[in-house]
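Notes to accompany the following structure.
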Number of protein chains: 2
Amino acid sequence: MKSLSASAAPHASAPSCGAPDAFSRGLAALAHPARVEILRYLAGVDYCCCKDVVQRLNLAQSTVSQHLKVLLDAGLVRMSPQGQRSRYAVDVAALRTLCEAVGALATECAVRADEQGREMCRGDH
Amino acid sequence: MKSLSASAAPHASAPSCGAPDAFSRGLAALAHPARVEILRYLAGVDYCCCKDVVQRLNLAQSTVSQHLKVLLDAGLVRMSPQGQRSRYAVDVAALRTLCEAVGALATECAVRADEQGREMCRGDH
DNA sequence: ATCGTTCATCGTCTATCGGCGATGAACGAT
DNA sequence: ATCGTTCATCGCCGATAGACGATGAACGAT
């Protein structure tokens with residue numbers, strides 16, 4: 001009953017909460033400076049193997065590989081094995097989609113807040 | 001808050017990257033379904049105390065308080081103590097700013113990828 | 001066949017996250 | 001003064017993230 005974490009809610013299923021959706025995974029992937037740096041680096045080079053990122057970021061190769069895997073799972077980069085290397089490339093469309101999702105959330109919040117923003121200062125309920 | 005660049009601590013022995021900037025904190029705050037739900041709920045009501053969110057989300061009060069604190073630290077919500085309650089409200093401007101930061105990252109990646117996307121054929125396409 | 005390179009994965013470690021209950025402070029009402 | 005309510009914080013716990021080194025597979029070159 002205590003171990004819910006993402007599956008079993010104590011009482012009833014939580015409202016739209018509890019699933020690691022694409023939105024959450026995408027944002028979580030972006031919520032790390034190293035991964036943002038990887039993305040920007042990937043966009044700036046024509047082809048990119050893991051080694052290049054390692055030299056760029058001054059991190060261990062295994063660490064970089066992990067970060068790339070996170071970005072891959074989030075759908076923000078694509079990978080095509082090429083010989084003994086791995087060609088990584090930014091999925092610009094996915095990045096845009098994620099950006100639009102954030103924008104949609106911001107817009108929704110703005111609209112809903114504006115709909116009744118004037119009476120926010122009543123002080124009672 | 002235009003500093004998107006991850007400073008990428010040069011030394012690898014550091015446990016973390018050492019630069020939890022506003023961008024990372026904001027995205028990390030959004031990267032949890034419960035917190036997104038809190039944001040949307042906050043935007044939809046004129047007045048909101050912690051208790052309301054607790055009933056809404058079916059989470060323990062302490063858990064909700066933690067989530068609110070995360071959102072607060074990320075600057076996405078504002079809080080004003082009001083009597084024994086705490087009035088929480090979405091900071092729409094901050095949300096927009098964060099959204100624009102994501103957009104800037106997406107645009108930068110798109111531009112840089114487009115600048116040489118056509119000539120990325122070094123050997124094969 | 002052998003070697004060097006590249007990369008993904010495994011194991012380990014520490015720090016943090018995310019959940020909870022319990023506690024105490026602050027405040028309004030009785 | 002006392003009680004009830006609300007909230008933030010603490011301690012605890014399991015799970016995850018993020019770092020590393022080591023290992024082995026895949027591949028090109030010798």
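Keep in mind the model is a prediction, meaning the values are calculated, not measured. Sequence lines set the chain letters: A, B, ... in the order given, protein chains first and strands last, and positions in each chain run from 1.
- Distances were taken from every side-chain heavy atom of B:Cys50 (C-beta onward) to each of D:dA8, C:dG18, C:dC7; the shortest belongs to D:dA8.
- Between the CG atom of B:Leu57 and the P atom of C:dC20 there is a distance of 11 Å, given to the nearest Å.
- Annotation: side chain to side chain contact (heavy atoms under 4.5 Å, CB included) contacts of A:Lys69 (sequence neighbours excluded): A:Asp73.
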B/S/- contact track for nucleotides 22-30 of chain D, protein heavy atom under 4.0 Å: B----BS--
Watson-Crick and G-U pairing of DNA chain C written in dot-bracket, each distance under 3.5 angstrom, with | for inter-strand partners: ||||||||||||||||||||||||||||||
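- Residue pairs meeting the ring-ring contact (aromatic ring centres under 6.0 Å, His included) criterion with at least one partner in residues 51-81 of chain B, sequence neighbours excluded, are B:His32-B:His67.
- Among the heavy atoms of the strands lying under 4.0 Å from A:Thr63 is at least one base atom, whether or not backbone atoms are also near.
- The stretch residues 86-116 of chain A participates, sequence neighbours left out, in no ring-ring contact (aromatic ring centres under 6.0 Å, His included) pair at all.
- Distances shorter than 4.0 Å separate none of the side-chain N or O atoms of B:Ser86 from OP1 or OP2 on D:dC7.
- At C:dT6, none of the side-chain N or O atoms of A:Tyr88 fall inside 4.0 Å of OP1 or OP2 (strictly under the cut-off).
- Residues A:Ala28 and B:Ser65 each lie close to DNA chain D; by heavy-atom proximity, the contact nearer the 5' end of the strand is made by B:Ser65.
- Scored by the salt bridge (charged side-chain N to carboxylate O under 4.0 Å, His left out) test, A:Glu108 finds A:Arg112, B:Arg40 as partners (sequence neighbours excluded).
- Scored by the side chain to side chain contact (heavy atoms under 4.5 Å, CB included) test, A:Val64 finds A:Cys50, A:Val53, A:Val54, A:Leu59, A:Leu68 as partners (sequence neighbours excluded).
- Expressed to the nearest 0.5 Å, how far CD of A:Gln82 lies from OH of A:Tyr47 amounts to 8.5 Å.
- For A:Arg56, there are no side-chain hydrogen bond (donor to acceptor under 3.5 Å, both in side chains) partners, not counting sequence neighbours.
- Nearest-nucleotide positions on DNA chain D for A:Ala31 and B:Cys48 put B:Cys48 closer to the 5' end.
- Residues passing the side chain to side chain contact (heavy atoms under 4.5 Å, CB included) test with A:Arg25, sequence neighbours excluded: A:Ala22.
- Applying the 4.0 Å criterion to OP1 and OP2 of C:dC7, one finds that A:His67 has every side-chain N and O outside that range.
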